[in-house]
Structure formats: C-alpha cells, structure tokens
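Here is how names work: the chains are called A, B, and so on, in the same order as the sequence lines, proteins then strands, and each is numbered from 1.
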Protein chains: 2
Amino acid sequence: MVATTPRNTRQRRAVAAILDDLDGFASAQEIHDILRHRGESVGLSTVYRNLQALVDASEIDALRNDDGEVLYRQCSTGHHHHLVCRACGRTIEVAGPTVERWADGVADKHGFVDVAHTLEIFGTCGACAASAD
Amino acid sequence: MVATTPRNTRQRRAVAAILDDLDGFASAQEIHDILRHRGESVGLSTVYRNLQALVDASEIDALRNDDGEVLYRQCSTGHHHHLVCRACGRTIEVAGPTVERWADGVADKHGFVDVAHTLEIFGTCGACAASAD
DNA sequence: GCCCCTGATGACAATGGTTCCCATGGTTGT
DNA sequence: ACAACCATGGGAACCATTGTCATCAGGGGC
C-alpha cells in the first residue's frame with residue numbers, strides 16, 4: 001500500500017482552514033455549516049471524506065460525544081487526552097503518563113495484547129459555570 | 001420526582017435474563033436476536049426501552065464501541081472501568097482509584113466543575129490472540 | 001377471582017448522522 | 001496544453017435509535 005499524495009483542492013484547504021481557526025471540537029455537520037456561511041461551500045460528503053483522511057493521517061483527533069456524534073479537532077501531535085467543556089466546547093489537552101502506564105499494566109496483567117484505551121474528561125469550565133448562575 | 005415502580009412484564013424479565021446470562025457487552029440488536037432465537041420474541045422498541053430504563057436505574061453499564069453502537073452489560077455496582085476484548089467481548093472490570101483522583105485533579109486545576117470521565121481499555125485477550133495465529 | 005385504569009408493548013414510520021454511488025469537473029505529471 | 005485519474009457533490013442508501021399510537025396486559029381495588 002503506497003501512500004498516494006492527496007490532491008491540493010480548494011475544498012481540502014477550506015476544511016483544513018476551519019480546523020486551524022477553531023479551538024474546540026466540532027462535528028462534521030458544524031464544519032459544513034461554517035463553510036457555507038463563509039461562502040466557501042463544500043459538499044457534505046467531501047467534508048466527511050477530508051475529515052476522515054485527516055484522522056487517518058493522525059493530523060486531527062476525533063472523539064464521540066454522548067449523542068454518538070463524532071467531533072473533530074486539530075491537536076498537538078503525540079498521545080494525549082482531553083478536558084472538554086460540555087457547554088462551550090473549549091478543550092484543554094492533558095497528558096497522563098501515569099494513566100498510560102496504569103492502563104497498559106492492567107491489560108498486561110490479564111494477558112491482553114494490542115492494547116489501546118480511550119480517556120476523556122468532560123465538565124463545565126469556569127466561565128460557563130459562572131454565566132449559568 | 002417519585003420513582004414509579006416499573007411493571008413486571010414478560011418482556012422486562014426476558015431482557016434482564018439475557019443480561020444475567022451474558023458475560024461480555026452486547027448491543028441492543030444482538031440482545032433482540034438472542035431473544036428471537038430463544039423463542040421469547042420481544043419487540044425491538046421494547047428492548048431499547050428496557051435497556052435504557054436499566055441504564056437509568058444504574059443496573060447495567062453502557063458504552064459505545066468504535067462503530068458508535070451502544071453496548072450493554074450487567075456489572076457490579078459502583079464506579080469502575082472496563083478491559084474489553086475486541087474479538088470475543090470478554091470483559092474484566094477494573095477499578096482505578098489513582099486515575100479517578102488524577103482526572104478530578106486535572107479538571108479542578110483548570111476550574112472545571114460537574115466533572116465526569118470516560119475510560120475504557122480495549123485489547124485482544126490471550127485466548128483470542130492465540131487462536132488468531 | 002374479576003374489573004378497570006394505566007402503563008407497557010410492538011409494528012411501523014421517522015429521524016439523523018454517516019457512507020455509498022457515479023457522473024462531472026479540477027489537478028497534476030508529462 | 002493534454003490526458004489520465006482522483007476528488008467532488010448531490011442524492012440515495014444505510015443503520016442504529018427514537019417516536020407514534022392503537023392495542024394489550026399487570027396489578028391494585030373490590
């Protein structure tokens with residue numbers, strides 16, 4: 001499987017630009033809407049395809065919210081987790097070396113191989129909690 | 001909010017019985033199929049409703065697999081996480097007091113309130129890894 | 001045990017996020 | 001510029017899940 005270089009299309013650039021601008025996580029549909037409002041309309045299928053390609057290339061992170069929707073965000077490289085505000089989507093990347101070791105240790109102790117884990121922290125950030133009073 | 005006692009119907013008992021018998025996680029559709037094969041046919045809507053009720057009552061745990069499907073399992077009470085085999089679904093409950101404290105501490109440090117977290121470990125159990133060779 | 005009220009059921013429609021299909025158009029190597 | 005071929009987009013298809021509503025049955029009251 002020789003990795004073919006993806007073409008540099010207007011749509012691909014537009015999707016990447018949105019992810020550059022956004023701070024928190026956003027769904028594919030939200031990104032599609034933002035593109036429409038910017039006048040840089042891109043087909044919904046294309047948004048999905050490009051997001052999936054970026055995930056495959058490990059250039060963005062994806063996670064599911066409680067509703068099962070997939071959210072995307074441009075993140076730093078390397079393994080990390082997220083502290084996400086339920087209200088505004090603001091996201092803080094967190095590293096947890098201890099947790100990584102713990103998870104691997106638990107799996108190893110039970111004879112599991114090819115181990116991966118998911119860990120996300122959800123809460124309400126200070127600003128949103130204050131404005132909700 | 002006075003909790004009304006749910007009625008003791010054949011369908012409710014049948015769904016609970018399946019969860020009693022199963023060891024690992026199963027999707028609503030799988031449980032529906034098992035019921036059909038047992039001859040204790042139950043409407044799909046009813047399966048979903050009863051599973052949701054059991055989740056609300058904290059009598060079973062629910063989590064999403066990579067495909068976004070919701071999986072259900074009868075678990076011990078109290079907060080815990082899961083080590084799940086991708087191949088056979090075998091599940092081991094794990095407690096991680098250190099992780100709990102770490103997650104809460106991280107959230108607190110950033111001023112987040114009303115904090116929750118998700119943590120699941122996926123891997124291939126020894127038996128499945130051996131049979132895959 | 002029998003009735004009746006009311007919540008539970010189930011067949012089907014509807015929803016919503018995501019993926020598939022395929023004719024068309026734009027990109028890139030030459 | 002040319003041509004080959006990948007990317008696009010609009011709509012249909014998919015699939016898990018939820019909603020609708022007429023019908024059914026559990027269980028409290030008698």
Test of understanding: with side-chain hydrogen bond (donor to acceptor under 3.5 Å, both in side chains), list the residues that count as partners of A:Arg86, not counting sequence neighbours. none

With the side chain counted from C-beta on, respond yes when B:Val115 and B:Asp108 share a heavy-atom pair under 4.5 Å apart, and no when they do not. no

Counting just side-chain N and O atoms, does A:Tyr48 come under 4.0 Å of either OP1 or OP2 of C:dT19? no

For A:Ala14 and A:Glu40, the nearest pair of non-hydrogen atoms, with its separation, is CB-OE1, 4.2 Å

Looking at residues 62-75 of chain B, who's got a heavy atom less than 4.0 Å off DNA chain D? B:Glu69, B:Val70

Among residues 14-33 of chain A, which contact DNA chain D at a heavy-atom distance under 4.0 Å? none

Rounded to the nearest 0.5 Å, what's the gap from CG on B:Leu63 to CZ on B:Phe25? Could you check? 4.0 Å

Tell me every residue that passes side chain to side chain contact (heavy atoms under 4.5 Å, CB included) with B:Ala103, counting only those two or more places apart in sequence or in another chain. A:Ile121, B:His117

List, with names and distances, any nitrogen or oxygen atoms from the protein found under 3.5 Å away from nitrogen or oxygen atoms belonging to nucleotides 26-30 of chain D.
residue, atom, partner, partner atom, Å
D:dG26, N2, B:Arg7, NH2, 3.3
D:dG27, OP1, B:Asn8, N, 3.1

Report yes if a side-chain nitrogen or oxygen of A:Ser45 is closer than 4.0 Å to either non-bridging phosphate oxygen (OP1 or OP2) of D:dT8; otherwise report no. no

Once you round it to whole Å, what is the distance between P of C:dG7 and CZ of B:Arg49? 14 Å

Just how large is the angle between the end axes of the helix from C:dG1-D:dC30 to C:dT30-D:dA1, five pairs per end, to 10 degrees? 40°

Measure the spacing between CD of B:Glu93 and NE2 of B:His80 and express it to the nearest 0.5 Å. 3.5 Å

Nearest-nucleotide comparison on DNA chain D, the residue closer to the 5′ end among B:Gln52 and A:Ser41: A:Ser41

OP1, OP2 of C:dA8 versus side-chain N and O of B:Gln11: anything below 4.0 Å? no

